[in-house]
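Because the structure is a prediction, the values reported are computed rather than measured. Numbering of ligands and ligand atoms starts at 1, following listing order.
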Amino acid sequence: MRAFTFAGPSAPARLTEIATPEPGPGEVRIRVGANTVCGTDLRILRGEKTKGVDLGVVLGHEVSGHVDAVGDGVRNFEIGDLVAMPPSLICGLCGPCRRGYEHLCERVHLVGYDVNGGLADYMLMPRVAVAKGLLMKAPATLEPAQLSLAEPLSCCLNGLDNYRVEVGDTVVILGAGPIGMIHLQLARLAGAAKVIISEPHAGRRGRAAASGADVIVDPATQDLLEVVRDETGGAGADVAVLCIGLPELVNECLSMVRKRGRVSIFAGLAGEGWSNIAANLIHYRELTVVGASNSGRESFARAIRLLSSGAIDTGSLLTHTFGLSRAAEAIEFVATREGLKVAVVPD
Ligand SMILES: [Zn+2]
Ligand SMILES: [Zn+2]
C-alpha cells in the first residue's frame with residue numbers, strides 16, 4: 001500500500017510503498033476514507049516537533065475510514081462500519097488515566113507519532129484501541145472527511161470544558177485557523193452573545209466573517225485591547241481563547257478579560273513557551289487561566305455525536321481536498337494558510 005512516512009526532517013517527505021498491514025488478534029484494519037492534515041504534521045516534517053516521533057512512522061492522526069478486515073476475537077465491528085478513534089493510545093493505569101484525565105496519560109502512544117497513522121491506503125487499529133473502546137463507530141450519513149474532524153473537535157471540546165462559556169458571554173478568539181473557527185462554532189452553541197476574532201491573515205478574516213463572528217480585528221492595524229474594551233463597555237471579555245502559539249500574546253489575553261474572567265492557553269506555544277506576564281493581573285482580578293491538550297474517549301464520543309447531529313458546520317471548515325498521491329502537497333498547502341482544513345482522500 002501507499003503510505004506517507006516520516007523519514008526525518010532533512011529527508012524529503014514522500015509517499016512510499018509499505019506492506020499492507022494484516023490484522024492480528026484483536027486488531028481492526030480500515031480502508032482510510034479521509035485524513036485531515038493538522039498543523040502538527042507540518043511541524044513534524046519541519047523538525048519543529050521531534051519528541052515521541054519515530055522515524056519511518058506513517059503520519060496522520062485525524063483519520064477515519066471503513067472497517068476492511070478484523071482479527072480474531074473482534075466482536076463489535078463489522079466490515080464496512082465507518083469508524084474513527086482519538087489518537088491517544090492510553091495506558092489506563094497511570095495517575096492521570098485513573099483520575100479520569102486519560103488524555104493526559106503519562107505512558108501514551110500517539111497515532112501519527114509512534115503508531116502508524118492515516119496518511120495511507122490502509123491503517124491498522126491497534127488492539128488497545130479496540131479493547132479500550134477508543135475505536136468508535138459513526139453513522140454512515142457522515143462523510144469520512146467530516147468524521148476526521150472529530151479529532152480537532154474533541155480537542156476543542158476538552159478546551160471548552162476547561163474555559164467554559166456561559167449564555168450571554170463575550171468571547172475573544174485569537175487566531176482564525178481551523179481550531180479558532182471550531183471554537184467560534186462551539187462558543188455559539190454554548191450561548192455566547194458576542195464573538196470577537198483577531199486574525200492577521202486577510203483570507204482567514206474573511207472566512208471568520210462568513211462564519212458569523214461579530215467583530216473581526218486585524219491585529220496588524222488595530223489595537224485588539226482597545227476593541228475589546230469598546231465592545232464590552234470597558235469591562236473586558238468574559239473569555240479569551242488563545243489559538244496562536246505566540247508566547248507574547250499570553251499577557252494580552254490576561255489584559256483583555258474582565259475581573260474573574262477566564263483565559264485558555266489552547267495553542268501549544270513556540271519553543272519552551274516562556275512568556276512575560278504581569279501575574280498581578282491574575283491575582284488582583286481573580287482570573288482563571290486554563291490549558292487544554294489532546295482529548296480522551298468521552299470528548300471524542302461527544303464530537304462524533306455533535307458531528308452526526310449536524311450542529312457543526314463542517315462545510316466551512318473543510319476547504320480543500322487532495323488525493324493521497326499528493327499528500328506532500330497537501331501538507332505544504334496547510335503552511336500557506338490559504339484554506340482551513342485540508343482533507344487527504346484515496347485516489
Ligand atoms: Zn491534530
Ligand atoms: Zn495512562
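Geometry at the Zn ion (ligand 2): SG/C94 and SG/C97 form an angle of 110°, nearest 10 degrees. Geometry at the Zn ion (ligand 1): SG/C38 and NE2/H61 form an angle of 100°, nearest 10 degrees.
One distance of note links CD1 of I304 with CD of Q146; it measures 12.5 Å at 0.5 Å rounding.
A side-chain donor from one of D347 and S325 sits under 3.5 Å from a side-chain acceptor of the other.
Taking each heavy atom of A34 and S148 in turn, the nearest pair found is O-OG, 3.0 Å.
Remark: R262 fails to qualify as a cation-pi partner of Y163 under the 6.0 Å distance and 45° angle criteria applied to the six-membered ring.
Its N, O or S atom nearest to the Zn ion (ligand 1) is what matters here, and for E62 that atom is OE2.
Counting backbone and side-chain atoms alike, C155 contributes no N/O/S atom closer than 2.8 Å to the Zn ion (ligand 1). Among the backbone and side-chain atoms of D41, none of the N, O or S atoms lies under 2.8 Å from the Zn ion (ligand 1).
The local environment of OH in Y101 is sparse, with at most 12 non-hydrogen atoms from other residues, nucleotides or ligands closer than 6.0 Å.
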